[in-house]
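Chain letters run A, B, ... following the sequence lines, proteins first and then strands; every chain starts at 1.
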Number of protein chains: 2
Amino acid sequence: MKYEISNRMSGLQPSAIREILKATQDPKIISFAAGNPSSDAFPVQKIKKITDDIFEQDPIGALQYSVTEGYTPLRETMKDLMHSYYGVPKRDFDELIIVSGAQQGIELTTKCLVNEGDTVICEAPSFIGALNTFRSYGAKLVGVELEDDGMNIEKLEEALKTNKNARFIYVIPNFQNPSGITTSLEKRKAIYELAKKYSVMIMEDNPYGDLRYSGEYVPSIKSMDTDGLVIYLGSFSKILSPGMRVGYVMAPRELLQKVIVAKQCSDVHTTILQQMICDRFLKENDLSEHVAMLRDMYRKKSALMIGEMEKQFNPKVTFTRPQGGLFLWCTLPEGADMMDFCRKAVSQNVAVVPGNAFTMYDTDVTYSFRMNFSTPSDEQIVKGIEILGKMTRELF
Amino acid sequence: MKYEISNRMSGLQPSAIREILKATQDPKIISFAAGNPSSDAFPVQKIKKITDDIFEQDPIGALQYSVTEGYTPLRETMKDLMHSYYGVPKRDFDELIIVSGAQQGIELTTKCLVNEGDTVICEAPSFIGALNTFRSYGAKLVGVELEDDGMNIEKLEEALKTNKNARFIYVIPNFQNPSGITTSLEKRKAIYELAKKYSVMIMEDNPYGDLRYSGEYVPSIKSMDTDGLVIYLGSFSKILSPGMRVGYVMAPRELLQKVIVAKQCSDVHTTILQQMICDRFLKENDLSEHVAMLRDMYRKKSALMIGEMEKQFNPKVTFTRPQGGLFLWCTLPEGADMMDFCRKAVSQNVAVVPGNAFTMYDTDVTYSFRMNFSTPSDEQIVKGIEILGKMTRELF
């Protein structure tokens with residue numbers, strides 16, 4: 001039997017990150033390749049206690065089928081927090097639903113908005129999980145160069161002018177994956193105004209927003225959304241647990257009604273126990289205190305990695321100094337063979353993610369790679385950076 | 001802002017079942033409309049104990065990101081059970097992955113196999129969740145009449161001859177949803193041979209297979225699959241808990257590799273805690289004993305409903321006598337206004353699902369509706385059937 005794969009999926013290959021994750025299950029590898037939050041950050045005892053309480057008080061609720069939109073108390077909690085904690089004005093046209101991780105929010109809204117051949121405008125580089133989802137619905141990806149403070153706005157307008165069939169602009173405004181870059185307030189406003197001018201939507205993906213270690217808080221694009229243009233994606237993966245697969249989408253109700261139909265087709269509903277855990281966790285804990293603990297933990301790791309890189313790396317190799325998140329973006333001198341560098345690093349037991357995992361097309365030239373500081377131990381950071389640093393001094 | 005919905009999604013409406021489920025949250029309604037397993041069937045104490053143990057022994061494993069294919073021990077457990085318990089020979093070309101409910105298995109394989117305009121051949125009537133998923137990828141649905149022992153085989157061959165772009169035949173061989181009908185061994189063999197002859201695949205959806213109350217076990221089509229034609233979907237929803245959203249797909253590895261890429265785009269992986277719970281439950285319990293308990297429970301409910309219907313219903317109204325599963329299919333006299341009957345039933349506080357939820361097209365004529373006996377209490381069954389019976393005697 002020959003298995004004929006659909007056009008939309010036939011070109012898609014397994015995500016380089018996932019494949020590398022597998023390779024790095026080898027315990028002797030120091031992995032800077034993951035995107036995992038630190039396991040030390042999981043509030044295990046609190047989650048255990050909450051789970052016990054749920055099985056004591058509402059076991060049937062935790063095990064029976066539930067509604068596609070999500071667990072009502074969690075939706076209400078998140079609607080309140082989006083307003084009181086995340087600063088998004090309450091607007092009549094907006095609604096909020098629960099999804100199986102923000103990844104599912106990307107998938108479902110793409111399925112509802114993008115016809116084969118339509119354009120999605122992305123930061124270049126961008127998150128591979130989103131890019132692959134756009135590809136899997138036959139979208140044409142148009143990348144807009146990412147500068148230190150967000151997308152190049154002239155180039156964004158050019159892309160919007162050129163691509164009449166653009167459906168939305170995909171933005172990770174805080175501590176972007178993979179670059180670590182934060183989009184400035186001015187550029188957020190400019191992106192919003194351009195989206196309005198050209199009648200395209202914005203998909204604002206904000207998994208890392210809570211993890212700011214330095215600098216000033218910047219309001220979300222959703223908070224400016226007086227016109228109902230913004231699909232906002234939030235996640236519990238970085239603040240509570242990624243294995244639970246709980247995220248949420250805040251967007252105009254009219255669009256979400258269709259997203260709910262798509263979710264019925266996809267997984268009926270998100271695991272109900274995990275939704276109940278998230279809701280109780282938010283009700284029983286002060287989110288800002290919990291997040292402050294996470295920030296302290298990651299701030300140290302991030303500072304350690306950057307400090308070691310500043311000491312060890314050849315100055316010809318540049319890198320971003322993110323104000324938050326989990327990643328930084330390291331760029332070899334122009335003309336360097338980045339893939340060869342990454343392969344050599346693995347052969348010396350250090351894994352990073354080659355930058356072309358994050359470009360619009362495999363063939364786009366990049367001299368960069370992504371490094372994660374949240375997962376490795378302090379010792380691994382010091383040791384791994386020493387190895388990479390030595391490589392940069394010898395090779396360039 | 002006008003939200004332009006993609007072609008694939010623009011025609012799709014919210015599932016009638018989900019909408020009815022919401023309506024039936026009114027506690028005064030006796031609902032025969034759900035598809036829920038009985039809450040009495042959930043092994044709450046065992047699941048609670050297992051969850052405690054997991055949080056004690058491997059909390060990080062339960063909360064951190066995991067691999068897309070699924071929790072390795074559960075995959076191994078299920079591969080063994082597919083062979084030793086479900087009678088599918090071990091074949092080199094087959095693989096098994098975990099998905100977020102069998103619904104996700106339907107979604108992902110459809111995404112990987114069906115181009116817009118391709119045909120999916122279905123039993124008529126069939127499960128609305130699958131039909132909507134096929135529709136959401138632009139599939140053309142071709143229904144083949146379901147007889148008491150499965151699809152009409154001549155009509156199936158006709159459909160395969162006529163539709164050169166058919167990608168697979170969707171079959172629920174055991175206690176079908178909505179009809180309750182079981183496909184005979186002869187017809188399973190015939191369906192397999194036709195799939196082979198016309199080089200199309202078979203999607204065998206078997207959520208109810210364990211719930212047989214009478215009659216002889218019939219081997220799965222997957223067990224005959226020497227040629228690698230069959231995508232087999234299994235689920236923990238009916239034997240353990242539907243709210244956990246854990247299912248599995250057994251299919252040729254070559255196809256599953258693409259399905260895994262689609263799953264990366266969809267939800268990265270299935271909630272890991274629930275996968276661990278399923279694995280431990282299967283290891284710590286005798287599946288056949290657990291299933292025997294479920295069978296006893298549902299056998300009584302099914303017999304009660306059928307018995308009451310035989311006493312109360314106008315003999316002009318016919319219905320199936322399923323050998324298992326959760327549903328039976330009730331047919332009003334030809335020419336009756338089925339929708340009107342269903343509406344009148346709700347106005348008398350009894351909900352059933354109108355049959356056109358399960359037809360290929362909304363406009364297909366059907367005099368039937370679906371009834372569920374697993375969710376209502378014994379008292380509700382007696383009372384609800386009395387009300388419906390009176391209606392049938394007065395109206396026809």
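Residue Phe134(A): no heavy atom, backbone or side chain, is found under 4.5 Å from chain B. With a 4.5 Å cut-off on non-hydrogen atoms, Ile260(A) does not touch chain B at all. Residue Gln45(A): no heavy atom, backbone or side chain, is found under 4.5 Å from chain B. Only the side chain of Thr51(A) comes within less than 4.5 Å of a heavy atom in chain B; its backbone stays farther off. Of the two parts of Val200(B), only the backbone, made up of N, CA, C and O, holds a non-hydrogen atom closer than 4.5 Å to a non-hydrogen atom of chain A. With a 4.5 angstrom heavy-atom cutoff, Phe93(B) does not touch chain A via any of its atoms. Of the atoms belonging to Glu56(B), heavy atoms from both backbone and side chain fall under 4.5 Å from chain A. In this structure, chain B has a heavy atom under 4.5 Å from the backbone of Asp227(A), while its side chain stays farther away.
Residue Phe55(A) holds its CZ atom at 11.0 Å from CZ of Phe42(B), rounded to the nearest 0.5 Å. One distance of note links OG1 of Thr109(A) with CE of Met9(B); it measures 11.5 Å at 0.5 Å rounding.
A donor-acceptor pair under 3.5 Å is absent between the side-chain atoms of Lys258(A) and the main chain of Ile5(B), judged by distance alone.
Between chain B and the residues Leu63(A), Asp267(A), Asp40(A), Thr133(A), the most heavy-atom pairs under 4.5 angstrom are made by Leu63(A). Comparing Leu108(A), Ile60(A), Ile47(A) by heavy-atom pairs within less than 4.5 Å of chain B, the highest count is held by Ile60(A). Comparing Cys112(B), Ser100(B), Gly105(B) by how many heavy-atom pairs each has under 4.5 Å with chain A, the most go to Cys112(B). The residue among Thr270(B), Leu113(B), Ile106(B) with the most heavy atom pairs within less than 4.5 Å of chain A is Leu113(B). Taking Asn115(B), Leu255(B), Leu273(B) one by one and counting their heavy-atom pairs under 4.5 Å with chain A, the maximum is reached by Asn115(B). With chain A as the partner, the residue from Gly101(B), Ser10(B), Ser199(B), Ala62(B) showing the most heavy-atom pairs under 4.5 Å is Ser10(B). Among the candidates Ser266(A), Pro59(A), Ser241(A), the residue making the largest number of heavy-atom pairs closer than 4.5 Å to chain B is Ser266(A). Residue with the most contacts toward chain A among Lys196(B), Lys48(B), Arg8(B): Arg8(B) (heavy-atom pairs, distance under 4.5 Å). Heavy-atom pairs under 4.5 Å with chain A peak, among Gln104(B), Glu4(B), Glu116(B), Arg135(B), at Glu4(B).
Closest approach of Tyr3(B) and Gly228(A) over heavy atoms only: OH-O, 2.6 Å. Here the shortest heavy-atom pairing between Tyr65(B) and Gly35(A) reads CE1-O, 3.9 Å. The two residues Val268(A) and Arg245(B) come nearest to each other via the heavy atoms CG2-NH2, 3.3 Å.
Looking only at atom types and distance, the side chain of Gln64(B) has a donor-acceptor partner in the side chain of Ser39(A) under 3.5 Å away. Between the side chains of Lys111(A) and Ser6(B), no donor-acceptor pair of N or O atoms lies under 3.5 Å. Side chains of Gln274(A) and Gln274(B): a donor on one and an acceptor on the other come within 3.5 Å.
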